[in-house]
Visitor: 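Below you'll find the structure I mean.
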Amino acid sequence: MLDLKRLKKDSKALANNLKKRGFSLDLQEWDKLESKRKSLQSDTENMQADLNQISKEIGISKKEGTDSSKLEKKASEITSKIKSQSKILSSILLDIDTFALSIPNLIDDDVPEGKDESDNIELRNSGKVRKFDFTPKDHLELGSNLSGIDMESGVKITGSRFAVFKSDLARLQRSLINFMIDIHVQEHSYTEVYVPFIVNEESLLGTGQLPKFEEDLFKIEGKENFYLTSTAEVPVTNLFRNEVIDSKELPKKYVCHTPCFRSEAGSYGLDTKGIMRLHQFEKVELVQATESKDSDNALEELTGHAEEILKRLELPYRVVSLCSGDIGFSAAKTYDLEVWIPSQEKYREISSCSNFRDFQARRMKARWKNPSSNKTEILNTLNGSGLALSRTVLALMENFQEKDGSISIPDSLRTYFGSSKITL
RNA sequence: GGAGAGAUGGCAGAGUGGUCGAAUGCGCACGCUUGGAAAGCGUGUAAGGUGUUAAAGCCUUCGAGGGUUCGAAUCCCUCUCUCUCCGCCA
């Protein structure tokens, strides 16, 4: 959520910033709501102050044993006025809340301007794209030859976009989880957490998936409004919700492995083959909370942590800065890591690292105590995949395939995986 | 699932209808003290809104929502969560 104070003072500047991502802020609507609120609120607060004063006088009068019936009559009149007035006020406050919750985050100045994906800017790349002396197969063909990826069973058990991993490929994914978490814990000093995969509405409001993007989520039928997590970002970032963190503990760095469930509404034609885009996939997620002055550096650091995994796995990748039109609702700035996919001869997203600044933290009242001012301030939050696992499996299969359909395992992973090759 | 207890500030913990936004302790900040530290002493220390150059002031908030009352942390109702005992279970 944006700072409502800034919206009150500086709405035009905010509107200009939001325009860059193609969001038009309805300034007329805002002015209308805000001026209504202002007059109603100050009216009711004045009445409330009167009532408090009179109530106090009644209290004193009762103690002294003098007659207070006139005061009580007056008070009772004010009370009923307040009741009707505050009903209107609370409905306007609700409107303002709804309005504010559906405004996306402001975009950092150094985010490239653009309309869509095609305007994203490549910042750097790493690793050599392999030249094959045979025609490389795609991961699905490799996987079914190895009896390691079974899409049919996924469909049978659940439906489309669900997959079954078997044998060495199931083990490959499992070894990658440990590989990634160990590096982040031991070398990048993250704290490992295990969290619920089912989350409530408040958590999703906090990170910004709700109220606008409910159609991307799997909702659980029942008395309570529960959802399956679409990313570990939701449960992990919400660890900070309604907390005041001691400055000595900052930055807070968490790493977490979870499954992710996405309905993928609106992506019917995309990546229909194989495990590129599934309703359920695994991810190792990095989450940080920092003071506001530190989040720029933290984004670079966190992105580097995710890149380190790709480097150790010897996967060719590039880093892309998302343009203003492609950046997500809650993010102020995002770097995507894209890994080379030989069968598509394209780089594809395998990690997305974002700085949300105070946008999520304000929604979830995640704060820290600034010892220099002795005030509580809103935290900055960041996250990034480190990495998405099914796409890592996919990338390893395709990039490390041999002519005979076997797959070699990069050196750094061998102790985790237990052998150097997956063979037919 | 059955029975009972509870939810108060960063934390712990008083407070059962009226100057209670809330005693006290811890923590934290500042000062005194010290060669320096610890201890000790003193002062300060909730959040949000409104307002202001800044402040003062005013409003709201004691798990959430509703109700009673001139007035609610305190009484009533509903819900959520936590703890203890019993049952069940991985």
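The chains referred to below are lettered A, B, ... by the order of the sequence lines, with proteins before strands, and numbering in each begins at 1.
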Visitor: Rounded to the nearest 0.5 Å, how far apart are CG of A:Asn383 and CG of A:Asn355?
Guide: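 The CG atom of A:Asn383 sits 10.0 Å away from the CG atom of A:Asn355.
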Visitor: To the nearest Å, give me how far apart NZ (A:Lys87) and P (B:G66) are.
Guide: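 After rounding, the gap between these two atoms is 11 Å.
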Visitor: Nearest-nucleotide wise, let me know which of A:Asn46 and A:Lys73 is further upstream toward the 5' end of RNA chain B.
Guide: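 Of the two residues, A:Asn46 wins.
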Visitor: Answer yes if the side chains of A:Gln288 and A:Thr290 hold a donor-acceptor pair under 3.5 Å, and no otherwise.
Guide: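 No, no side-chain donor-acceptor pair sits under 3.5 Å.
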Visitor: With heavy atoms under 4.0 Å as the rule, sort A:Lys83 into base, sugar-phosphate or nothing.
Guide: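 Sugar-phosphate only.
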Visitor: Where the side chain of A:Leu51 is defined as all heavy atoms beyond and including C-beta, which of B:G10, B:G51, B:C70 is the nearest nucleotide?
Guide: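 Closest nucleotide among those given: B:C70.
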Visitor: Under 4.0 angstrom, heavy atoms only, what part of the nucleic acid is A:Ile54 near: base, sugar-phosphate, or nothing?
Guide: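 Touches nothing.
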Visitor: Is A:Ser42 touching bases, backbone alone, or none of the nucleic acid, heavy atoms closer than 4.0 Å?
Guide: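 No contact at all - A:Ser42 keeps every heavy atom at 4.0 Å or more from the nucleic acid.
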Visitor: More 5' along RNA chain B: A:Asn52 or A:Glu34, using each one's nearest nucleotide?
Guide: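 Closest to the 5' end, via its nearest nucleotide, is A:Glu34.
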Visitor: Could you work out the separation of B:A5 and B:C77 based on their P atoms and round it to a whole Å?
Guide: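 B:A5 and B:C77 have their P atoms separated by 14 Å.
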Visitor: To the nearest 0.5 angstrom, please state how far the CG atom of A:Asp43 sits from the OG atom of A:Ser86.
Guide: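 If I round to the nearest 0.5 Å, the distance is 12.0 Å.
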Visitor: So A:Thr44, base contact, sugar-phosphate only, or nothing? Heavy-atom distance under 4.0 Å.
Guide: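 No contact at all - A:Thr44 keeps every heavy atom at 4.0 Å or more from the nucleic acid.
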Visitor: Could you tell me if A:Glu282 and A:His257 have a donor-acceptor pair between their side chains, going purely by distance under 3.5 Å?
Guide: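 A:Glu282 and A:His257 do have a side-chain donor-acceptor pair below 3.5 Å.
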Visitor: Answer yes if the side chains of A:Tyr335 and A:Glu300 hold a donor-acceptor pair under 3.5 Å, and no otherwise.
Guide: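 Looking only at side-chain atoms, A:Glu300 and A:Tyr335 do form a donor-acceptor pair, the distance falling under 3.5 Å.
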Visitor: Show the numbers, then the answer: is there a salt bridge (Lys or Arg N to Asp or Glu O under 4.0 Å) between A:Glu57 and A:Lys74?
Guide: CA-CA 12 Å; A:Glu57 284 168 22; A:Lys74 199 171 162 195; over 6 Å; no
Visitor: Please state how far atom NZ in A:Lys63 lies from atom P in B:G18, giving the value in whole angstrom units.
Guide: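 One finds 8 Å between P of B:G18 and NZ of A:Lys63, rounded.
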Visitor: Between B:G71 and B:A14, how many Å separate the two P atoms, rounded to a whole number?
Guide: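 One P to the other, the span is 30 Å.
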Visitor: Paired stems touching RNA chain B, three or more consecutive Watson-Crick or G-U pairs with both distances under 3.5 Å?
Guide: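 Stems (3+ consecutive pairs) listed as B:1-7 with B:80-86, B:10-12 with B:24-26, B:27-32 with B:40-45, B:46-50 with B:57-61, B:63-67 with B:75-79.
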Visitor: Contact class for A:Arg37 (heavy atom, under 4.0 Å): base, sugar-phosphate, or nothing?
Guide: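 The residue A:Arg37 makes sugar-phosphate contact but no base contact.
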Visitor: Can you check the distance between B:C62 and B:U8, where both ends of the measurement are the P atom (answer in whole Å)?
Guide: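 Per the computed distance, 12 Å lies between those P atoms.
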Visitor: Taking the side chain of A:Arg367 as its heavy atoms from C-beta onward, which of B:C70, B:C58, B:A47 lies nearest to it?
Guide: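 Comparing B:C70, B:C58, B:A47 against the side chain of A:Arg367, the answer is B:A47.
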Visitor: Nearest to the side chain of A:Ala49, which nucleotide is it out of B:C59, B:G71, B:G49?
Guide: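 So the side chain of A:Ala49 is nearest to B:C59.
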Visitor: Which whole number of Å gives the distance between the P atom of B:C70 and that of B:A12?
Guide: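 Looking at atom P only, B:C70 and B:A12 are 37 Å apart.
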Visitor: Given B:U68, B:U60, B:C70, identify the nucleotide with an atom nearest to the side chain of A:Gln48.
Guide: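 Among B:U68, B:U60, B:C70, the one nearest the side chain of A:Gln48 is B:U60.
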Visitor: State whether a side-chain donor-acceptor pair under 3.5 Å links A:Thr231 with A:Lys283.
Guide: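 Per modelled atom types, A:Thr231 and A:Lys283 side chains form a pair under 3.5 Å.
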Visitor: What's the closest nucleotide to the side chain of A:Gln41 if the choices are B:U60, B:G49, B:A47?
Guide: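 Looking only at heavy atoms from C-beta outward on A:Gln41, the closest nucleotide is B:G49.
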Visitor: Quick one: do the A:Ser406 and A:Glu402 side chains pair a donor with an acceptor below 3.5 Å?
Guide: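 The answer is no; no qualifying pair exists.
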